[in-house]
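Contents: one structure, followed by commentary.
Quick note on labels: first sequence line is chain A, next is B, and so on, each numbered from 1.
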Amino acid sequence: MAYWLLKSEPDCYSIDDQERDGANVWDGCRNYTVRNFFRDQMNEGDQGFFYHSSCEPPGIVGIVEVASGPVPDPTQFDPNSEYYDPKSSKEDPRWITREIKFVRKLPRQITLAELRQTPGLESMAVLQKGQRLSVMPVTDEEWTRVLQMVE
DNA sequence: GCCAACGTTGGC
DNA sequence: GCCAACGTTGGC
């Protein structure tokens, strides 16, 4: 059992979209570190923070759960998709992801600025300078500490 | 296999 | 819109 933080731009796919869809394939990610998290590190049943990025204000808005084993990202095979990858094949798919399902919204958003001000979260991956991964690990301690902020 | 150029992310 | 950080690409 592990915890994660998944970033999404709300203009593109928000927590409300996730709530409406329930479960869906987390597609479109084209970063090898993130691919490896999806393929090798996640476990079905792991939970994650749903984080709104590139918006005002950025921050954590909900909780989601890893709802499948590793699956190929279908958009890599679709020539009409902006995420189409002609170098990938169905025999040896390059981009692996998971189904992600909605668990709940937080009672209120926890902004990035708040996270930065919270003692105990100094080492949290999302707060580190220069990190830009769209999926990042969260420790047990960080998970608990963040949830305390909205209790 | 090195590394410069380029592209992307995402907070500010 | 700016720009720092850093991943990816491609020439050599």
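Within the structure, a side-chain polar atom (N or O) of A:Arg116 is placed less than 4.0 Å from OP1 or OP2 of B:dC12. For A:Tyr51 and B:dG11, the shortest distance from a side-chain N or O to OP1 or OP2 is below 4.0 Å. Taking 4.0 angstrom as the limit, A:Lys7 places none of its side-chain polar atoms (N or O) nearer than this to OP1 or OP2 of B:dT9.
Counting to the nearest Å, the P atom of B:dT9 and the CG atom of A:Leu112 are 18 Å from each other. Rounded to an integer number of Å, the gap from A:Lys129 NZ to B:dG10 P is 17 Å. Computed from coordinates, the A:Ile60 CD1 to B:dG11 P distance equals 12 Å when rounded to whole Å. Between A:Trp95 atom CH2 and C:dG7 atom C1' the separation is 10 Å, expressed in whole Å. Between the CG atom of A:Asp11 and the P atom of B:dG11 there is a distance of 13 Å, given to the nearest Å. Rounded to a whole Å, the CD atom of A:Gln128 is 14 Å from the P atom of C:dA5. Computed from coordinates, the A:Phe37 CZ to C:dG7 P distance equals 12 Å when rounded to whole Å. Put simply, OH on A:Tyr32 is 15 Å from C1' on B:dT8, counting in whole angstrom units.
With hydrogens and angles ignored, the 3.5 Å screen pairs a side-chain donor or acceptor of A:Asp73 with a backbone N or O of A:Gly28. Side-chain atoms of A:Glu114 do not come within 3.5 Å of backbone N or O of A:Leu112 as any donor-acceptor pair. Not one N or O on the side chain of A:Arg35 forms a donor-acceptor pair closer than 3.5 Å with the backbone of A:Ile96. In terms of modelled atom types and a separation under 3.5 Å, the side chain of A:Asp92 and the main chain of A:Ser89 share no donor-acceptor contact.
Nearest-nucleotide assignment on DNA chain C puts the 5′-proximal partner with A:Asn31, out of A:Asn31 and A:Lys87.
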